[in-house]
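Sequence lines set the chain letters: A, B, ... in the order given, protein chains first and strands last, and positions in each chain run from 1.
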2 protein chains.
Amino acid sequence: MASTSRADTPQASVWLSRKPVPKRKGDAEGGALDLERIVAATVRLLDAEGLAKFSMRRLAAELGVTAMSVYWYVDTKDDLLEIVLDGINGTMVVPDVSQEDGDWREQLRLLAVEYRKMLSSHTWVTQLLGRYLNIGPSSMAYTNACLAVIRRSGVGEERITGALSAVFQFVYGFCTAEGLFMERCNAAGLTEDEYFKLLMSEVSERYDYEESFKEAVDLMESQSALTREERREQDFGYALDTVIAGIEAMRDR
Amino acid sequence: MASTSRADTPQASVWLSRKPVPKRKGDAEGGALDLERIVAATVRLLDAEGLAKFSMRRLAAELGVTAMSVYWYVDTKDDLLEIVLDGINGTMVVPDVSQEDGDWREQLRLLAVEYRKMLSSHTWVTQLLGRYLNIGPSSMAYTNACLAVIRRSGVGEERITGALSAVFQFVYGFCTAEGLFMERCNAAGLTEDEYFKLLMSEVSERYDYEESFKEAVDLMESQSALTREERREQDFGYALDTVIAGIEAMRDR
DNA sequence: ACCTGAACACCGTTCAAGT
DNA sequence: ACCTGAACACCGTTCAAGT
């Protein structure tokens, strides 16, 4: 009721409530808890155990506190995760985009690589990105840098959002697949190569798959000099170059 | 113990268990339940209420049956969802890719559009795609068609997976964002345009956002002749053309 | 102002029991 | 062979109560 949200619809985003940072310690000097400590512990747990295993009760235990204490600092689990999400977005290094003479291709590439670095060092972020609005201050700074760069590419104004989609939805998709695969490997206690091999061998045990899988398996094994990780890195680079080359080609048509 | 899975690691995929379709009615003619009815009800619920609200108990209620009955046909919730996922993959129309004279650009575009149609008519699919291996029979048929098409593009063998990533991870990312936005609109009981407008007005109420948001808002409003949906359709088309143009450009370098 | 404990309405899944 | 009921170990969150 105290916020700007409508009717009985749940609040669309923490960032739309009155105070810039939702709940804060009034005084300096520490009680046991404060929002910063809660956020830090959340990130630690998410990095270590993944989103699926994260719970408010688990978090409270990590903080050495009762289940409900956290709720004094944060209204809901969703609000907490939204704050954490923007915090992680703030770890991206946004290149200085103000000077007009920089190469937009290089800068766009840099932004994409930075995005990827963030997404693949915190595999749970992709799982939150779509769920929340991601309109916190750090996220907005990043978005605006992307806009500024693509504007200098010479792409027509009405194609700007499409061009940005081609780049950043690709990175998002790529890192989602990558992250979930990595989480699966961790859960199984195997390296990516081991997990992949195990999978392939189990799959080829099933006669009726032999035929349909062969093409895909052959392709994978033709690159067997590289580790899975190196291969992914290569794929990402190729694909990113492809998209940027496409933006250039479409502009020149 | 009866399956090929290792140690205490949970089964990596239903499709790796012995029987092609995990559990099946032995006899013809119907009791109350069977796997087909369960799968159909699951899809119906997921379409109507989304993944977050789906539960085994909710499903059982929908089928007019006790919570645990479903477990006779399916080992876990994950197994059920994996089967459902492949079933939906089977609704894609895979173009005939066998003749060598077709235009690979058109066929690749067709495959991407088909993928998108599937993903955006079942918004919950993107949320499952990363979680499960997606190596069921229907999914494999689609993947193989993609491989066949990209092979005819003339892209070097070691760039094939990168090129495919550029296309399909983009589509995946795009449809994920799209789907989650649509779900949010449905939950709020608003059309996409209404929801977007509401959001923009709430955001601009916050003084400290005014500045950082202006660029993005201006961009959106410069296209205000179109509905959000038409805009998205346009963006998707542009972006897809961009990626395909990029594959061509990279090949010719 | 900050934290606790009990409680509510949910989960997925196990297991012994019914027909 | 198929379905049920009670139970276990979890959730997020509310609310009255403590200090």
Side-chain angles (χ1 to χ4, degrees), chain A residues 1-2 8 10-11 14 19 21-38 41-42 45-46 49-84 127-128 131-132 187, chain B residues 1-2 8 10-11 14 19 21-38 41-42 45-46 49-84 127-128 131-132 187:
Chain A
M1 284 299 121
D8 56 341
Q11 183 78 25
V14 231
K19 301 167 155 194
V21 171
K23 267 178 177 170
R24 212 133 216 187
K25 225 19 185 356
D27 297 345
E29 180 241 347
L33 242 45
D34 61 38
L35 189 63
E36 261 137 300
R37 279 196 61 215
I38 291 172
T42 303
L45 280 177
L46 288 170
E49 305 174 358
L51 182 60
K53 285 194 174 164
F54 177 79
S55 75
M56 294 303 269
R57 289 169 143 109
R58 178 77 187 81
L59 171 62
E62 178 76 5
L63 289 163
V65 106
T66 225
M68 297 315 302
S69 309
V70 181
Y71 281 93
W72 200 87
Y73 297 90
V74 127
D75 280 343
T76 65
K77 185 188 182 186
D78 280 337
D79 279 6
L80 171 59
L81 290 176
E82 214 180 341
I83 293 166
V84 164
Q127 293 159 71
L128 298 183
R131 250 199 265 296
Y132 307 112
Chain B
M1 286 297 123
D8 54 342
Q11 183 78 26
V14 230
K19 299 166 153 195
V21 172
K23 268 178 176 171
R24 206 123 216 199
K25 214 50 179 339
D27 295 347
E29 179 240 348
L33 242 45
D34 60 39
L35 189 62
E36 261 137 300
R37 278 197 60 216
I38 292 172
T42 303
L45 280 177
L46 287 171
E49 305 174 358
L51 183 61
K53 286 194 174 163
F54 178 78
S55 76
M56 295 301 270
R57 289 168 142 108
R58 178 76 189 83
L59 171 62
E62 177 77 5
L63 289 163
V65 106
T66 224
M68 297 315 302
S69 309
V70 180
Y71 281 92
W72 201 87
Y73 296 90
V74 127
D75 280 343
T76 66
K77 186 188 183 187
D78 280 337
D79 279 7
L80 171 59
L81 290 177
E82 214 180 341
I83 293 166
V84 163
Q127 293 159 71
L128 298 183
R131 250 199 267 296
Y132 307 112

Hunt down the Watson-Crick or G-U wobble partner of C:dA9, both distances under 3.5 Å, from any strand shown, or write none. none

To the nearest 0.5 Å, what is the distance between CD1 on A:Ile38 and CD1 on A:Ile83? 9.0 Å

Could you state the atom-to-atom distance from CD1 of A:Ile38 to P of C:dC2 in whole Å? 11 Å

So what's D:dA16 paired with, Watson-Crick or G-U wobble, going by both distances under 3.5 Å? C:dT4

Mind calculating the distance between CZ (B:Arg57) and P (D:dT4) to the nearest angstrom? 14 Å

Specify the closest pair of heavy atoms between B:Thr66 and B:Ala60, including all atoms of both residues, with the distance to one decimal. O-CB, 3.4 Å

Roughly, in whole Å, what's the span from NZ in A:Lys77 to P in C:dC10? 17 Å

What is the separation between atom CZ on A:Arg58 and atom P on D:dC10, rounded to the nearest whole Å? 12 Å

Does B:Thr66 make a side-chain N or O approach to OP1 or OP2 of D:dG5 shorter than 4.0 Å? yes

So, is A:Tyr71 close to the D:dC15 phosphate, meaning a side-chain N or O under 4.0 Å from OP1 or OP2? no

Rounded to whole angstroms, how far apart are CG on A:Leu63 and C1' on C:dT4? 15 Å

Atom-pair distance (CH2 on A:Trp72; P on D:dA16), nearest Å: 19 Å

Any base atoms under 4.0 Å from B:Met68, or only sugar-phosphate, or nothing? Heavy atoms, all strands. base

Taking 4.0 Å as the cut-off, does a side-chain nitrogen or oxygen of B:Ser55 come that near to OP1 or OP2 on C:dC11? yes

Between D:dC10 (C1') and A:Phe54 (CZ): distance, integer Å: 15 Å

Can you tell me if the side-chain N/O atoms of A:Tyr73 get under 4.0 Å from OP1 or OP2 in C:dC2? no

Starting from C1' on C:dG12, measure out to CG on B:Leu59 and report it in whole angstrom. 13 Å

Mapping B:Met56 and A:Ala67 onto DNA chain C by nearest heavy atom, which one lands closer to the 5' end? A:Ala67

